[in-house]
Colleague: 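Just dropping this structure here.
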There are 4 protein chains.
Amino acid sequence: MARQRNPQEEGQPAPLHEAEPEKRRAILHAALKVFAQRGYHGCRVADVASEAGVAYGLVYHYFRNKDELLESVFDEQWKIFIGAIRAISEGPGSAAEQIASVLRFALDVFRTAPAAVRVLILEVPRTPDVLRAGSTRQTFELVTRLVAEMVARGQREGDFRPELDPLVGAASVLGVLDMNLAGMVTGLLTAPQPSEEELERMKHQVVTAALGAVLAPGASRSGR
Amino acid sequence: MARQRNPQEEGQPAPLHEAEPEKRRAILHAALKVFAQRGYHGCRVADVASEAGVAYGLVYHYFRNKDELLESVFDEQWKIFIGAIRAISEGPGSAAEQIASVLRFALDVFRTAPAAVRVLILEVPRTPDVLRAGSTRQTFELVTRLVAEMVARGQREGDFRPELDPLVGAASVLGVLDMNLAGMVTGLLTAPQPSEEELERMKHQVVTAALGAVLAPGASRSGR
Amino acid sequence: MARQRNPQEEGQPAPLHEAEPEKRRAILHAALKVFAQRGYHGCRVADVASEAGVAYGLVYHYFRNKDELLESVFDEQWKIFIGAIRAISEGPGSAAEQIASVLRFALDVFRTAPAAVRVLILEVPRTPDVLRAGSTRQTFELVTRLVAEMVARGQREGDFRPELDPLVGAASVLGVLDMNLAGMVTGLLTAPQPSEEELERMKHQVVTAALGAVLAPGASRSGR
Amino acid sequence: MARQRNPQEEGQPAPLHEAEPEKRRAILHAALKVFAQRGYHGCRVADVASEAGVAYGLVYHYFRNKDELLESVFDEQWKIFIGAIRAISEGPGSAAEQIASVLRFALDVFRTAPAAVRVLILEVPRTPDVLRAGSTRQTFELVTRLVAEMVARGQREGDFRPELDPLVGAASVLGVLDMNLAGMVTGLLTAPQPSEEELERMKHQVVTAALGAVLAPGASRSGR
DNA sequence: TATGAATGAGAGTTCATTCAT
DNA sequence: CATGAATGAACTCTCATTCAT
């Protein structure tokens with residue numbers, strides 16, 4: 001409509017043709033928020049649309065259906081987490097130190113974006129079979145494998161218990177993280193909006209506990 | 001159960017007039033199964049009824065609504081788990097040994113009743129707010145507290161790291177258990193129906209990892 | 001229950017074999033009450049049974065179904081009202097005086113049994129077609145005809161307007177009664193539980209208004 | 001939108017963009033009809049939808065639920081009646097003449113829209129508590145009050161019996177109307193589809209009877 | 001792109017009625 | 001007579017998805 005006025009007289013750069021449309025972003029953002037608040041089944045497409053300040057049907061313009069929308073939310077969040085894991089994994093430091101970094105990163109994100117964490121932690125692994133079988137499951141397996149590789153490296157470095165199955169080690173580390181985050185999200189372990197100090201304390205505690213699950217008894221707890 | 005005493009020495013068929021109606025049991029049993037297979041939102045009341053071989057309306061004779069039915073399933077399963085934790089907690093052994101027992105018990109149950117575990121592990125903390133706020137949440141908190149008490153005792157006994165927040169310790173132990181069970185349930189860590197040996201191996205690994213999360217570095221790993 | 005003690009030592013009259021069973025009465029009574037409170041569609045058979053302190057199925061022992069039960073309630077209440085109209089009609093007094101008596105009787109009953117009146121007034125003429133076509137409709141027509149006969153007689157006696165269709169006259173008299181009772185039942189015209197004086201005042205007002213609808217302009221208002 | 005300025009100089013079909021959606025109207029219209037035929041509890045939302053030639057869900061697009069739909073039907077019909085009463089009340093004529101006009105209006109509407117009258121007369125005061133407590137009850141009270149004001153004016157004008165409680169007078173006038181309409185609706189007083197003459201005769205009879213309920217004995221029956 | 005009216009299958013819940021005991 | 005567990009049809013309401021504009 002506005003186009004008819006002055007098509008492109010000024011030769012402005014073509015308005016965002018390549019970039020992700022603004023409204024698509026708004027929908028994704030709204031979906032994350034609504035999803036975190038109400039859970040997978042509690043949120044309706046209409047909620048997402050109105051939260052995004054967008055018309056009902058537009059959601060279906062950008063996403064095939066509700067599942068795909070939410071899977072996109074998942075993937076995007078995980079992508080960030082996986083990116084962090086990969087970056088840390090390729091950086092310096094012992095396996096123990098790297099695992100500690102991963103844990104600290106996750107807890108930091110909780111501070112910044114509790115909604116995202118809530119979605120990742122509470123909703124991801126227990127959503128409908130459509131998702132469970134889809135890319136989300138693969139993503140979850142990928143995270144496990146990435147951590148398992150860190151564990152295996154830690155074993156080679158002599159810090160971690162050698163007889164531990166690296167996958168079990170990874171599951172244990174992530175389990176410690178998950179359950180403590182769940183405790184934070186639900187207010188069981190901290191205030192729902194923990195203070196900076198409270199968060200630091202939790203970081204320390206969670207890192208210690210998680211590393212304890214994999215470290216060899218005598219190893220120096222260097223990841224602290 | 002009370003039958004064993006000397007109820008009907010004359011060999012009469014136990015009247016069971018007072019006992020829980022047979023069909024109510026059937027419904028609960030069916031609900032557990034269907035729920036485990038399809039998840040909370042994937043299972044319909046009709047599924048439960050037909051799985052139980054019972055008329056639709058009978059479900060509503062015994063349970064106010066779907067939520068209450070599933071909450072009953074939860075509660076019943078948790079009751080068993082909590083009973084075990086309590087029994088172990090009141091029995092002999094160091095805190096580490098007791099925690100190991102709790103973990104082994106949970107893994108044993110997985111062998112016997114994977115459906116029940118699946119429900120407890122995958123569905124519990126992520127169900128509708130009705131439940132999240134209701135007895136299920138309280139039950140979950142209770143479990144955490146029971147384990148936290150064990151952790152605190154282990155600290156007094158000198159085996160566990162003294163600076164660890166017992167609640168974080170409990171969350172960590174349960175997190176290790178949860179995530180590994182989840183890995184088993186989803187087939188990531190073991191075959192969906194693990195063999196006896198596979199299970200034994202997992203028990204050992206999980207116990208070691210979970211205790212590692214709380215044991216003091218130098219402590220003898222007595223819970224093994 | 002207490003009966004078991006001394007069954008019939010005193011040679012009491014055989015316990016009500018011919019008479020209406022006690023529980024049948026209880027059910028009818030409960031039905032009237034519940035029906036008055038909640039209306040035809042708001043009351044369930046279960047409500048009636050529990051109000052009567054009687055088992056569910058027993059209702060179906062005495063009544064074919066819900067409709068028949070409620071039709072019985074109607075009929076019984078109307079029978080009382082019709083009986084009164086007949087008695088008055090066959091007694092002494094001018095038509096105007098008799099109509100006044102009928103109105104006063106109805107208002108007196110409201111004092112004693114507001115529930116019954118509520119059922120007759122608010123529920124009767126507007127219930128499902130099953131009833132509308134059944135005996136209730138006939139009963140209602142009968143009442144109208146009985147009053148219409150009084151009106152016709154009043155016309156012959158010279159008190160009532162001669163050009164008035166007696167059926168319209170009856171409908172008008174009953175309409176004045178009905179709407180004022182409705183106003184009392186709903187608390188629009190009086191307190192829900194009117195005092196003796198309030199009731200007397202209403203009687204006077206309603207009688208005057210109702211007779212006004214049928215009396216010839218110059219006639220002495222003898223029905224007062 | 002800017003288009004509306006000079007809408008159809010060119011003979012374009014009026015756009016009606018702002019107007020009430022056509023289908024909403026269709027639903028309301030269908031609801032009135034179905035409701036009149038089958039009564040509040042006898043009609044299902046599905047009936048209304050199919051009568052309106054509209055998809056099931058659309059009913060819930062425009063109305064929160066069945067109750068709200070039917071309340072809308074009520075309100076709309078009453079609004080017409082109340083509008084007429086107000087217009088008459090603010091117009092010329094004695095109180096008696098005005099009341100006569102109100103009655104004639106109601107009887108005329110019966111000719112045009114018996115369904116509407118049926119709903120207003122037979123269903124209104126006996127619908128679920130939701131409605132009884134809601135706007136419908138208030139509306140009914142409003143009508144009573146409007147008529148009561150007319151009655152009070154008639155008393156000041158010296159035509160109506162001065163000792164009559166205006167509310168009772170209003171209830172009586174409306175009672176006469178209601179019961180006679182009920183008699184017409186149910187076929188007790190006239191043919192279900194009365195002829196023009198039959199209707200005129202009823203108008204005369206009802207007006208005479210209703211005014212008789214409130215007129216002072218000697219007053220000239222000017223409302224005729 | 002963008003809108004939101006329109007669709008309709010699906011699920012939960014109620015409750016009159018039956019029936020074995 | 002009396003009980004209440006058992007049945008299942010009927011109905012309301014939800015919400016993902018489509019489509020005309």
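Note that this is a predicted model, so its numbers are computed, not measured. Proteins come first, then strands; the chains are lettered A, B, ... in the order of their sequence lines, and each starts at number 1. What's counted below: heavy atoms across the whole structure, side chains too, no hydrogens, waters or symmetry copies.
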Colleague: In terms of the nearest nucleotide of DNA chain E, which residue is placed more toward the 5' end: B:C43 or D:A55?
Modeller: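 Closest to the 5' end, via its nearest nucleotide, is D:A55.
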
Colleague: Expressed in angstrom and rounded to an integer, what is the separation of A:L58 atom CG from E:dA2 atom P?
Modeller: 5 Å

Colleague: Mapping B:R24 and A:V45 onto DNA chain F by nearest heavy atom, which one lands closer to the 5' end?
Modeller: B:R24

Colleague: Looking only at heavy atoms, which two atoms of C:V73 and C:L28 are closest? And how far apart?
Modeller: CG2-CD2, 3.7 Å

Colleague: Can you tell me how far P of E:dT1 sits from CZ of A:F63, to the nearest Å?
Modeller: 13 Å

Colleague: Between B:Y56 (OH) and F:dC11 (C1'), how many Å, whole number?
Modeller: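 Value for this atom pair: 12 Å.
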
Colleague: Using Watson-Crick or G-U wobble geometry with both distances below 3.5 Å, tell me the partner of E:dA2, or none.
Modeller: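 With both distances under 3.5 Å, E:dA2 matches F:dT21.
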
Colleague: Would you mind reading off the distance between D:N65 atom CG and F:dT14 atom P, rounded to a whole angstrom?
Modeller: 8 Å

Colleague: Regarding B:E71 and B:K66, does a basic nitrogen lie under 4.0 Å from an acidic carboxylate oxygen?
Modeller: no

Colleague: Rounded to whole angstroms, how far apart are OH on C:Y62 and P on E:dA16?
Modeller: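 Nearest whole value for this atom pair: 20 Å.
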
Colleague: Please give, in whole Å, the distance from F:dC19 C1' to D:H61 NE2?
Modeller: 14 Å

Colleague: Name the closest nucleotide to the B:R44 side chain, picking from F:dC13, E:dT3, E:dA11.
Modeller: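 The answer is E:dA11, which lies nearest to the side chain.
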
Colleague: Find which nucleotide of DNA chain F each of D:A46 and C:V59 is nearest to by heavy atoms, and output the residue with the more 5' nucleotide.
Modeller: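 Going by which nucleotide is closer to the 5' end, it is C:V59.
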
Colleague: Taking the six-membered ring for Trp, are C:F35 and C:F74 parallel (under 30°), tilted (30 to 60°) or perpendicular (over 60°)?
Modeller: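 C:F35 vs C:F74 ring planes: tilted.
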
Colleague: Tell me the interatomic distance from D:Y60, atom OH, to E:dT7, atom C1', rounded to whole angstroms.
Modeller: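 Atom-to-atom, D:Y60 to E:dT7, this comes out as 15 Å.
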
Colleague: Could A:R38 and A:E51 be called an ion pair, given the rule that one side-chain N must be under 4.0 Å from one carboxylate O?
Modeller: no

Colleague: Hey, which sits more toward the 5' end of DNA chain E by its nearest nucleotide, C:K66 or A:V54?
Modeller: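 Its nearest nucleotide lies further toward 5', so the answer is A:V54.
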
Colleague: Would you please test D:V45 and D:Y60 for side-chain contact (heavy atoms from CB on, under 4.5 Å) and show each step?
Modeller: CA-CA 9 Å; D:V45 174; D:Y60 288 87; 3.6 Å; yes

Colleague: Take the protein atom NE2 of A:H41 and the nucleotide atom C1' of E:dG10, then report the distance between them rounded to whole Å.
Modeller: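 That distance rounds to 14 Å.
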
Colleague: May I ask which nucleotide in the shown strands pairs with F:dC11, Watson-Crick or G-U wobble, both distances under 3.5 Å?
Modeller: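 Check on F:dC11: paired to E:dG12, both distances under 3.5 Å.
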
